[in-house]
Q: 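Structure in structure tokens, see below.
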Amino acid sequence: MKKIINVEYQCYNSPCGDMLIGTFEDKLVLCDWVDKNSKKRVDSRLIERLNATLSEVSNAVIEETMTQLDQYFQGDRTEFDLPLSLIGTTFQQRVWEELHKIPYGQTISYLRLAGRMGIPKAVRAVANANGANPVSIIVPCHRVVGSNGKLGGYGGGLETKVFLLNIEQPSIFDIYKNNL
């Protein structure tokens with residue numbers, strides 16, 4: 001029988017929607033949109049993989065995550081320095097590691113991301129792993145776009161994706177506003 005663990009979480013009110021920030025063993029395991037379609041999918045996957053329960057409690061990692069997110073939204077932070085425990089398959093973790101390499105203010109296509117990983121024919125699998133990212137913004141899945149320049153999906157919604165891209169590169173809004 002698997003041991004039941006407890007994930008501590010708090011709600012964070014970002015300028016583009018509420019997020020759920022969760023930690024386990026002093027590491028960030030969840031930073032996802034509360035009222036968006038992906039919440040139940042991400043939460044249930046996290047709870048199932050970790051055999052977890054959720055408790056609304058704050059801790060130092062949650063507080064530091066909120067501070068760094070505030071700095072990001074104010075335009076004062078371009079990289080995050082947080083202890084992470086990314087819960088997913090080996091393939092998903094590989095994709096998420098590659099997402100960390102996308103520079104602030106830049107975008108990359110799913111096709112190019114798959115190519116950088118040495119698996120150019122696995123675009124759909126890479127896109128699915130990108131969509132399963134449980135740590136939005138921190139692991140910058142919002143920086144991935146279609147090879148045709150279209151935004152594609154985003155767990156927080158396309159408006160949120162444009163909002164985040166606009167924080168990082170204000171002129172990008174003009175490029176993507178027609179995708180809404």
Side-chain angles (χ1 to χ4, degrees), residues 7 9-23 28-46 54 56 61-82 84 86-88 92 95-113 123-124 126-180:
V7 173
Y9 77 94
Q10 283 288 301
C11 189
Y12 170 75
N13 299 24
S14 86
C16 52
D18 291 339
M19 300 185 84
L20 201 62
I21 298 173
T23 63
L28 186 67
V29 295
L30 181 67
C31 182
D32 203 20
W33 306 99
V34 170
D35 58 349
K36 304 295 182 182
N37 294 333
S38 66
K39 181 195 179 306
K40 286 184 181 176
R41 178 178 45 83
V42 172
D43 291 355
S44 64
R45 188 176 59 238
L46 180 71
L54 299 173
E56 191 169 359
V61 174
I62 289 173
E63 294 301 320
E64 181 60 24
T65 301
M66 290 180 177
T67 297
Q68 290 189 28
L69 284 168
D70 285 343
Q71 293 166 345
Y72 170 83
F73 283 114
Q74 294 164 1
D76 297 330
R77 177 172 288 278
T78 60
E79 294 180 12
F80 293 92
D81 182 24
L82 297 163
L84 299 177
L86 300 176
I87 310 301
Q92 288 171 332
V95 171
W96 301 335
E97 286 173 24
E98 201 63 36
L99 292 175
H100 273 288
K101 298 175 186 175
I102 305 169
Y104 180 90
Q106 294 184 26
T107 58
I108 187 173
S109 71
Y110 295 101
L111 178 63
R112 186 162 171 234
L113 185 63
V123 175
R124 285 184 194 251
V126 167
N128 287 336
N130 188 61
N133 173 21
V135 188
S136 294
I137 303 175
I138 313 300
V139 175
C141 54
H142 61 279
R143 296 180 187 154
V144 184
V145 299
S147 35
N148 60 0
K150 300 269 185 197
L151 288 180
Y154 183 65
L158 291 183
E159 297 87 2
T160 300
K161 188 169 187 166
V162 169
F163 185 93
L164 297 173
L165 292 172
N166 195 46
I167 287 172
E168 298 183 12
Q169 184 183 354
S171 63
I172 209 155
F173 179 74
D174 294 330
I175 297 168
Y176 292 114
K177 68 182 175 186
N178 295 327
N179 286 291
L180 295 178

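Residue numbers count from 1 along this sequence.
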Q: Give a yes or no on whether the backbone of Gln106 and the side-chain of Arg143 come within a donor-acceptor separation of less than 3.5 Å.
A: no
Q: Calculate, to the nearest 0.5 Å, the distance between atoms CH2 and OG belonging to Trp33 and Ser136 respectively.
A: 6.5 Å
Q: Checking Met19 against Ile137 for the side chain to side chain contact (heavy atoms under 4.5 Å, CB included) test, could you report, in this order, the C-alpha distance in whole Å, the side-chain angles of both residues, the deciding distance, and whether it holds?
A: CA-CA 11 Å; Met19 300 185 84; Ile137 303 175; 3.9 Å; yes
Q: Taking side chain as C-beta onward, heavy atoms only, is Gln169 less than 4.5 Å from Leu165?
A: no
Q: Any non-hydrogen side-chain atom of Tyr110 less than 4.5 Å from a side-chain atom of Ser147?
A: no
Q: Within a 6.0 Å radius of atom CD on Glu63, are there more than 12 heavy atoms belonging to other residues, nucleotides or ligands?
A: yes
Q: If you take all heavy atoms of Val135 and Leu30, which pair is closest and at what distance?
A: CG2-N, 4.3 Å
Q: Can you tell me how far apart CG (Asp70) and CD (Gln74) are? Round to the nearest 0.5 Å.
A: 5.5 Å
Q: For Tyr9 and Thr23, run side chain to side chain contact (heavy atoms under 4.5 Å, CB included): C-alpha distance rounded to whole Å, both residues' side-chain angles, the deciding distance at 0.1 Å, then the answer.
A: CA-CA 6 Å; Tyr9 77 94; Thr23 63; over 6 Å; no
Q: So which atom in Arg77 and which in Tyr104 form the shortest heavy-atom distance, rounded to 0.1 Å?
A: O-CE1, 3.8 Å
Q: Which heavy atom in Val144 sits nearest to a heavy atom in Leu99, and how many Å separate them?
A: CG2-CD2, 3.5 Å
Q: If you take all heavy atoms of Gly88 and Gln92, which pair is closest and at what distance?
A: CA-OE1, 3.2 Å
Q: Can you tell me how far apart CG (Leu151) and OG1 (Thr107) are? Round to the nearest 0.5 Å.
A: 9.0 Å
Q: Apply the test side chain to side chain contact (heavy atoms under 4.5 Å, CB included) to residues Val162 and Leu158: give CA-CA distance (whole Å), side-chain angles for both, the deciding distance (0.1 Å), then the verdict.
A: CA-CA 6 Å; Val162 169; Leu158 291 183; 5.5 Å; no
Q: Identify the two heavy atoms, one from Cys141 and one from Tyr154, that lie closest to each other, and give their separation to 0.1 Å.
A: SG-CE1, 3.8 Å
Q: Are any of the side-chain heavy atoms of Cys31 and Leu69 separated by less than 4.5 Å?
A: yes
Q: Please lay out, stage by stage, how Ile62 and Met66 fare under the test side chain to side chain contact (heavy atoms under 4.5 Å, CB included).
A: CA-CA 6 Å; Ile62 289 173; Met66 290 180 177; 3.8 Å; yes
Q: Indicate the ring-plane relationship of Tyr72 and His142, choosing parallel, tilted or perpendicular according to the 30° and 60° boundaries.
A: perpendicular
Q: Measure the SG-CG distance between Cys11 and Leu20 for me, rounded to the nearest 0.5 Å.
A: 6.5 Å
Q: Indicate yes or no for a side-chain donor-acceptor contact from Trp96 to the backbone of Ala129 under 3.5 Å, with no hydrogens or angles considered.
A: yes
Q: Nearest heavy-atom pair of Ile102 and Ile108: which atoms, and what distance?
A: CD1-CG2, 3.3 Å
Q: Hey, are the side chains of Ile87 and Pro134 touching, using non-hydrogen atoms and a 4.5 Å cut-off?
A: no
Q: State the CD-CD1 distance between Glu79 and Ile138, to the nearest 0.5 angstrom.
A: 12.0 Å
Q: If you measure from CD1 on Ile167 to CZ on Phe73, what distance do you get to the nearest 0.5 Å?
A: 5.0 Å
